[in-house]
Amino acid sequence: MMYNIIKHATKKYCFNIENYYKTIKSDTILENKKQFNLLCKDGCRNYNTKYSCPPYSPNFTNLRIKYMFAHVFFFRVNLKNYPQIYNTIRMVNTVAKSKQRYAINKISNNLLNDNIPHQILENGSCRLCKKCAINFKENCRHPKIMRYSLESTGVDVDALCFMCFGLPLQWYSNKNFPKYQGVLSAILCNIKRSIIN
């Protein structure tokens, strides 16, 4: 497992974003597409409104047949020194997601330059288009670079995070404030060595 810290400052706060990275075999990842499709259907506004989301997203079982390894990234911010309000969660999520997306885009570009096939599985739904083409009954505008989330393919993200880093994901619920907030993503490919330069 690799670990480092990125510092990010806003006008009001300075964030220490802990970065965790580990390579695992893709066939060790727990998934249950049927269960997570139901969870998405019951609890997410993106269900059936984006090509990247259930019921349109692929099954992780089919992806792991193509790619032997998963390079897993977890970006985490300790919330101890910040106001214990929901807006803190939103702000930290925005910062962590943007930093993780920047890092993953950079890694993906390097893989593309080396002609290495790969599949990015991000956190949350695809954000390439302001409004997904499915809402206009059109085909996806970017099918080759559309990004599915881990959970939309049926991956148990909490189990994956704990398996890789010994850290469970934490959620804000019923005004219970988590100790930390984190985002989890992965790049699937057939390279076992580190893909971080």
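The first residue in the sequence is number 1, and the count goes up from there. Just so we're clear, the structure is a prediction, and the values are computed from it rather than from any experiment.
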### Message
Are Val157 and Tyr67 connected into the same hydrophobic cluster when the rule is that any two of I, L, V, M, F, W, Y join if their side-chain heavy atoms are below 4.5 Å apart?
### Response
yes

### Heavy-atom donor-acceptor pair, Ser26 side chain to Met68 backbone, under 3.5 Å
yes

### Task
Any side chain to side chain donor-acceptor pair (under 3.5 Å) involving residues 70-81? Give me the pairs, sequence neighbours left out, ordered by first then second residue.
Glu18-Arg76, Tyr20-Arg76, Tyr21-His71, Thr23-His71

### Task
For the pair His8 (side chain) and Ile6 (backbone), establish whether a donor and an acceptor sit closer than 3.5 Å, ignoring hydrogens and angles.
no

### Query
Hey, quick one: are Leu79 and Trp171 part of the same hydrophobic cluster, counting side-chain heavy atoms closer than 4.5 Å, chains of contacts allowed?
no

#### Entry: Among Ser125, Ser152, Cys40, Cys126, side-chain contact (heavy atoms from CB on, under 4.5 Å) partner for Ser57
Ser152

### Query
If you group Ile, Leu, Val, Met, Phe, Trp and Tyr by side-chain heavy-atom gaps below 4.5 Å, do Ile107 and Tyr102 land in one group?
no

### Where Asp156 and Phe36 come nearest, the two heavy atoms and their spacing
CA-CZ, 3.6 Å

### Message
Can a side-chain donor-acceptor contact be found between Glu31 and Thr61 if the only test is distance below 3.5 angstrom?
### Response
yes

### Query
Considering all heavy atoms of both residues, which atom of Ala70 and which atom of Leu188 are nearest to each other, and what is their separation?
CB-CD2, 3.6 Å

### Flag, side chain of Asn32 to backbone of Asn37, donor-acceptor distance under 3.5 Å
no

### Task
Output yes when a side-chain donor or acceptor of Ser108 lies under 3.5 Å from a complementary backbone atom of Asn105, and no otherwise.
no

#### Entry: Side chain to side chain, Tyr13 and Thr88, heavy atoms closer than 4.5 Å
no

#### Entry: Chi angles and distances behind the side chain to side chain contact (heavy atoms under 4.5 Å, CB included) call for Phe15, Met91
CA-CA 10 Å; Phe15 297 103; Met91 178 176 54; 3.8 Å; yes

### Test item: Tyr148 and Gln119 side chains (from C-beta on) under 4.5 Å apart, heavy atoms
yes

### Query
Any side-chain heavy atom of Val77 sitting closer than 4.5 Å to one from Val95?
no

### Query
If you measure from NZ on Lys12 to SG on Cys14, what distance do you get to the nearest 0.5 Å?
14.5 Å

### Task
Give, for atom NZ of Lys34 and atom CG of Asn59, the distance between the pair rounded to the nearest 0.5 Å.
12.5 Å

### Task
May I ask you to test the Asn48-Cys53 pair for a side-chain heavy-atom distance under 4.5 Å?
no

### Task
Treat each ILVMFWY residue as a node, draw an edge where side-chain heavy atoms are under 4.5 Å apart, and state whether Ile24 and Phe162 are in one component.
no

#### Entry: Tyr82 backbone acceptor or donor facing Gln84 side chain under 3.5 Å
yes

### Query
Roughly how far, to the nearest 0.5 Å, is the CD atom of Gln170 from the CG atom of Asp158?
9.5 Å

### Message
Are there over 12 heavy-atom neighbours, none belonging to Asp114, within less than 6.0 Å of that residue's CG?
### Response
yes

### Straight-line distance of Tyr51 OH to Cys129 SG, nearest 0.5 Å
11.0 Å

### Message
Distance check, rounded to the nearest 0.5 Å: Asn123 atom CG versus Phe75 atom CZ?
### Response
10.0 Å

### Message
For a quick test of reading the model, state the closest non-hydrogen atom pair linking Ser52 to Met146 and the distance between them.
### Response
N-SD, 3.6 Å

#### Entry: Separation between OG1 of Thr28 and CE of Met163, rounded to the nearest 0.5 Å
4.0 Å

#### Entry: Shortest non-hydrogen contact between Ile195 and Cys189, atoms and distance
CG2-SG, 4.4 Å

### Query
Is it the case that one hydrophobic cluster holds both Ile89 and Ile17, taking links as side-chain heavy atoms less than 4.5 Å apart, direct or via other members?
yes

### Query
Yes or no on side chain to side chain contact (heavy atoms under 4.5 Å, CB included) for His118 and Leu112, after CA distance, side-chain angles and deciding distance?
CA-CA 8 Å; His118 62 284; Leu112 287 170; 3.8 Å; yes

### Task
For atom CZ of Arg141, decide whether the heavy atoms of other residues, nucleotides or ligands shown that lie under 6.0 angstrom number more than 12.
yes

### Summary
Correct closest heavy-atom pair for Asn93 and Gly182 would be OD1-O, 4.4 Å

### Message
When you compare the side chain of Ile187 with that of Leu111, does any pair of heavy atoms fall below 4.5 Å?
### Response
yes

### Summary
Minimal heavy-atom distance between Val183 and Lys97, with the atoms involved, is CG1-CG, 3.6 Å

### Leu121/Leu63 under side chain to side chain contact (heavy atoms under 4.5 Å, CB included): CA gap, chis, key distance, verdict
CA-CA 10 Å; Leu121 297 175; Leu63 293 174; 4.1 Å; yes

#### Entry: Check: Asn135 side chain, Thr49 main-chain N or O, donor-acceptor pair, under 3.5 Å
yes

### Query
Can you tell if the side chain of Phe74 reaches within under 4.5 Å of the side chain of Leu169, non-hydrogen atoms only?
yes

### Message
Is the shortest side-chain heavy-atom distance between Ile104 and Arg101 below 4.5 Å?
### Response
no

### Message
Is the ring pair Phe177/Tyr172 parallel, tilted or perpendicular, if the boundaries are 30 and 60 degrees?
### Response
perpendicular

